[in-house]
**Q** 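Dropping a structure here in structure tokens format, bear with me for questions.
Worth saying up front: this structure is predicted, and the values here are computed from it rather than measured. Just so you know, these numbers use all the heavy atoms, side chains as well, and skip hydrogens, waters and symmetry mates. Residue indices begin at 1 and follow the sequence shown.
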Amino acid sequence: MLFIPIHFLVAVCLLHTKTGVLAVPQHAMNQMHGSFSLPLQRRIQTGSGSTDVTGYTDNTGEYAWLVDVTIRDQTFSLELDTGSETTWVWSNQISEPPQGGSGKHTEYDYGAIAPSPVVSGSDFSLIYSGGSSGISGIVVQDTVSVAGVGVSMQFGAAQVVPGDWFYSDGLLALGWSSGNSITNKPPTFIELIQHGLDAPIFTTLFDLTNAGGTLGFGAVDPTYSSSLKKLAVDNSTSSLWLVDNLSFTVGVETYPQDTIFFDLGSPTIAIQNDTVNAYWKSIPNAVRINGTNWAMPCSAKLPDLHFTSPLNGQYQHVIPGSSFTGALAYNVPVLEVEFPMCYGGLVAQSCPSGCAVMGAPFFGTHYVVWNIAEPSVSFALREGVQLGVAA
């Protein structure tokens, strides 16, 4: 799916809020508030570059849902990420261009802007758990626009980017400012934009069977409104979308999970090791690749995975087993394999507690409503998704 080109609109009104200025297209101001949506594109990073993809990718690569963002009439393809709090873009001052070359990216030239957008005495530095580290630079203040709706905000202009980051022009962070790596922790995009929306929400509808997706703001799709199930988000000690006390069921056994982050930037679901082991051991010929990852026959019919929350009584939420089938696996530790093996999208979390992640297999099969104000996440099974059998 191609991106919608996004442009600044000449006729705008400004809503002054406690946290910043929200620039809203004049046509959207007819009712004083607004809602809008736009398509996303899914891209995978490989060793030779990046490409649009279909299906779930293997857990050795990185992927991104990309959204078009406009800054000063330039369109940046930014990774959409609820697991981050700091928005940043490539600048034309990257000291060591990563693989693929800086010329393949849209670059923010802060030196050519008058008056200077640079925020004096402020900088940012990031390390991501997926392997991309050492992203740092200066901080600027400018208008960031999505589908013609813009907010004046502070964001990073990267001067250092690691060699494994070349599939996007930066990142649009959808976490809260308490974890912002920018020096003075300014408001994030979602904190600023919520004041001009019909409702303080954004929505995601992804599809793992093709490269498309949809990002919405301010309104719930009526197709799913009656079937949504809500989970409270605890951001009192975290700046991310953290849900407490979920339990996963495999067969007749229930495995409590202390906390889990709902993270659009993760390609897998990572939960406690005992749950993951129980799930994959129920699959004939499934093989552990290392301490966290498994592979299984690509033709295997994988069972659905169920989870519950104490806040929702005994209602079981379902993650379709079909969403756990990844790309072909080439490092299966067995001498002979008579059938193709694929990576599994359910993996063991990489630390004892506090780092479990709800990632792509869930978001690719569910419509999700992210309530910024409550906060909460609500979701319903995406239309057309087929369920299998209980794990």
**Q** Any chance you could measure L381, atom CG, to S227, atom OG, to the nearest 0.5 Å?
**A**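 It comes to 8.5 Å.
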
**Q** Out of F307, Y279, F362, which residue meets the ring-ring contact (aromatic ring centres under 6.0 Å, His included) rule with F248?
**A**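 Among F307, Y279, F362, the one that satisfies the ring-ring contact (aromatic ring centres under 6.0 Å, His included) with F248 is F307.
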
**Q** So F36 and F217, would you call those rings parallel, tilted or perpendicular, with 30° and 60° as cut-offs?
**A**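 Parallel, since the angle between the ring planes stays under 30°.
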
**Q** For a 4.5 angstrom cut-off between non-hydrogen side-chain atoms, does L80 reach F202?
**A**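 With C-beta onward as the side chain, the pair stays apart.
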
**Q** Do F262 and F324 sit in the same hydrophobic cluster, where Ile, Leu, Val, Met, Phe, Trp and Tyr count as joined when their side-chain heavy atoms come under 4.5 Å apart?
**A**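 Yes: a chain of side-chain contacts under 4.5 Å links F262 to F324.
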
**Q** What distance do I193 atom CD1 and T188 atom OG1 have between them, rounded to the nearest 0.5 Å?
**A**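 Result: 10.5 Å between the selected atoms.
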
**Q** So does A219 get a backbone contact from the side chain of D198, meaning a donor-acceptor N/O pair under 3.5 Å?
**A**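 A pair under 3.5 Å: no.
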
**Q** Using a 4.5 Å cut-off on heavy atoms from C-beta on, say whether the side chain of M358 contacts that of I319.
**A**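 Yes, their side chains come closer than 4.5 Å.
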
**Q** What distance separates L346 CG from I271 CD1, expressed to the nearest 0.5 Å?
**A**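 The CD1 atom of I271 is 4.5 Å from CG of L346, to the nearest 0.5 Å.
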
**Q** Just by modelled atom types, is the A270 backbone N or O under 3.5 Å from a matching donor or acceptor in the T268 side chain?
**A**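 It does not hold such a pair.
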
**Q** Which is it for N277 and R288 under the side-chain contact (heavy atoms from CB on, under 4.5 Å) test, yes or no, and what are the steps along the way?
**A** CA-CA 9 Å; N277 287 347; R288 184 198 295 272; 2.9 Å; yes

**Q** Rounded at 0.5 Å granularity, tell me how far OG in S309 sits from CD in Q316.
**A**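 It comes to 12.5 Å.
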
**Q** Give a yes or no on whether L192 and I190 share a hydrophobic cluster (residues Ile, Leu, Val, Met, Phe, Trp, Tyr; joining criterion: side-chain heavy atoms under 4.5 Å apart).
**A**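 Linked within one cluster.
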
**Q** What pair of heavy atoms forms the shortest contact from V140 to A157, and how long is it?
**A**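 Answer, listing the atom of V140 first, then A157: CG1-CB, 4.3 Å.
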
**Q** Return yes if a side-chain donor-acceptor contact under 3.5 Å exists between D68 and T70, otherwise no.
**A**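 No donor-acceptor contact under 3.5 Å links the two side chains.
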
**Q** Would you say the side-chain atoms of R382 pair up with the backbone N or O of F206, donor to acceptor, closer than 3.5 Å?
**A**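 Judged by distance alone, yes, a pair lies under 3.5 Å.
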
**Q** Could you verify whether a donor N or O on one side chain and an acceptor N or O on the other, from T275 and Q272, lie under 3.5 Å apart?
**A**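 Side chains of T275 and Q272: no pair found under 3.5 Å.
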
**Q** Are Q154 and N180 packed together at the side-chain level, in the sense that at least one heavy-atom pair is separated by less than 4.5 angstrom?
**A**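 No. Closest side-chain heavy atoms not under 4.5 Å.
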
**Q** Side-chain contact test, heavy atoms from C-beta onward, threshold under 4.5 Å: evaluate it for T203 versus Y224 and give yes or no.
**A**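 Result no, sub-4.5 Å side-chain heavy-atom pair not found.
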
**Q** Do T325 and M296 have side chains that approach each other closer than 4.5 Å (heavy atoms only, starting at C-beta)?
**A**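 Yes, their side chains come closer than 4.5 Å.
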
**Q** Do the side-chain N and O atoms of S323 and T365 include a donor-acceptor pair separated by under 3.5 angstrom?
**A**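 Not at all, the side chains of S323 and T365 share no donor-acceptor pair under 3.5 Å.
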
**Q** May I ask whether Y110 and V69 are part of the same hydrophobic cluster, defined by side-chain heavy atoms of I, L, V, M, F, W, Y residues being less than 4.5 angstrom apart, directly or through others?
**A**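 Yes, it is one cluster - the side chains of Y110 and V69 are joined through contacts under 4.5 Å.
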
**Q** With the 4.5 Å side-chain cut-off for hydrophobic clustering, are I201 and V149 part of the same group?
**A**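 I201 does not cluster with V149.
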
**Q** With a 4.5 Å heavy-atom cut-off, do V67 and V146 have their side chains touching?
**A**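 With C-beta onward as the side chain, the pair touches.
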
**Q** Rounded to the nearest 0.5 Å, what's the gap from CH2 on W241 to CD1 on I372? Could you check?
**A**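 It is 6.0 Å, given to the nearest 0.5 Å.
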
**Q** Could you state the interatomic distance from CG (D258) to CG (D244), rounded to the nearest 0.5 Å?
**A**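 One gets 8.5 Å once the value is rounded to the nearest 0.5 Å.
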
**Q** Do S177 and E191 pair up side chain to side chain, a donor and an acceptor below 3.5 Å, judged on atom types alone?
**A**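 Distance-only check passes for S177 and E191.
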
**Q** Can you list every salt bridge (charged side-chain N to carboxylate O under 4.0 Å, His left out) pair that touches residues 142-155, not counting sequence neighbours?
**A**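 Salt bridge (charged side-chain N to carboxylate O under 4.0 Å, His left out) check on residues 142-155 returns R72-D142.
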
**Q** Could you check whether any side-chain N or O of H105 sits under 3.5 Å from a backbone N or O of G170, counting only pairs where one atom can act as donor and the other as acceptor?
**A**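 No; zero donor-acceptor contacts below 3.5 Å.
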
**Q** Determine yes or no for a side-chain-to-main-chain donor-acceptor pair under 3.5 angstrom, with S376 supplying the side chain and K230 the backbone.
**A**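 Not at all, since once roles are kept as given, no pair shorter than 3.5 Å links the two residues.
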
**Q** Using distance alone, with no hydrogens and no angle criterion, decide if T183 and D123 have a side-chain donor and acceptor under 3.5 Å apart.
**A**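 Side chains of T183 and D123: pair found under 3.5 Å.
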
**Q** Does the side chain of E374 reach to within under 4.5 Å of the side chain of V233, using non-hydrogen atoms?
**A**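 Of all side-chain heavy-atom pairs linking V233 with E374, none is under 4.5 Å.
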
**Q** Can a side-chain donor-acceptor contact be found between E85 and S239 if the only test is distance below 3.5 angstrom?
**A**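 Yes.
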
**Q** So, N235 side chain and L240 main chain: donor-acceptor pair closer than 3.5 Å or not?
**A**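 No, because the side chain of N235 does not come within donor-acceptor range (under 3.5 Å) of the backbone of L240.
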
**Q** Is there a side-chain contact (heavy atoms from CB on, under 4.5 Å) between I182 and S122 once you walk through the steps?
**A** CA-CA 7 Å; I182 293 176; S122 188; 3.4 Å; yes

**Q** Tell me whether D169 contacts the main-chain N or O of S77 through its side chain, where contact means a donor paired with an acceptor under 3.5 Å.
**A**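 Side chain of D169 to backbone of S77: a pair is present.
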
**Q** Identify, with sequence neighbours excluded, every residue that meets ring pair (Phe, Tyr, Trp, His ring centres under 6.0 Å) alongside Y255.
**A**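 Expected list: none.
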
**Q** Same cluster for F363 and L302 if Ile/Leu/Val/Met/Phe/Trp/Tyr side chains link at under 4.5 Å?
**A**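 Yes: a chain of side-chain contacts under 4.5 Å links F363 to L302.
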
**Q** Going by the ring-ring contact (aromatic ring centres under 6.0 Å, His included) test, name the single residue among Y108, W90, F189 that passes it with F155.
**A**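 For F155, the ring-ring contact (aromatic ring centres under 6.0 Å, His included) check succeeds only for Y108.
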
**Q** Show your reasoning for whether side-chain hydrogen bond (donor to acceptor under 3.5 Å, both in side chains) applies to S152 and Q141.
**A** CA-CA 7 Å; S152 177; Q141 173 117 19; 3.1 Å; yes

**Q** Backbone N or O of G83 within a donor-acceptor pair of the D263 side chain at under 3.5 Å?
**A**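 Yes; judged by distance alone, with no hydrogens or angles, the pair exists.
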
**Q** Less than 4.5 Å apart, side chain to side chain, heavy atoms only: is that true for V220 and Y367?
**A**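 V220 reaches Y367 side chain to side chain.
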
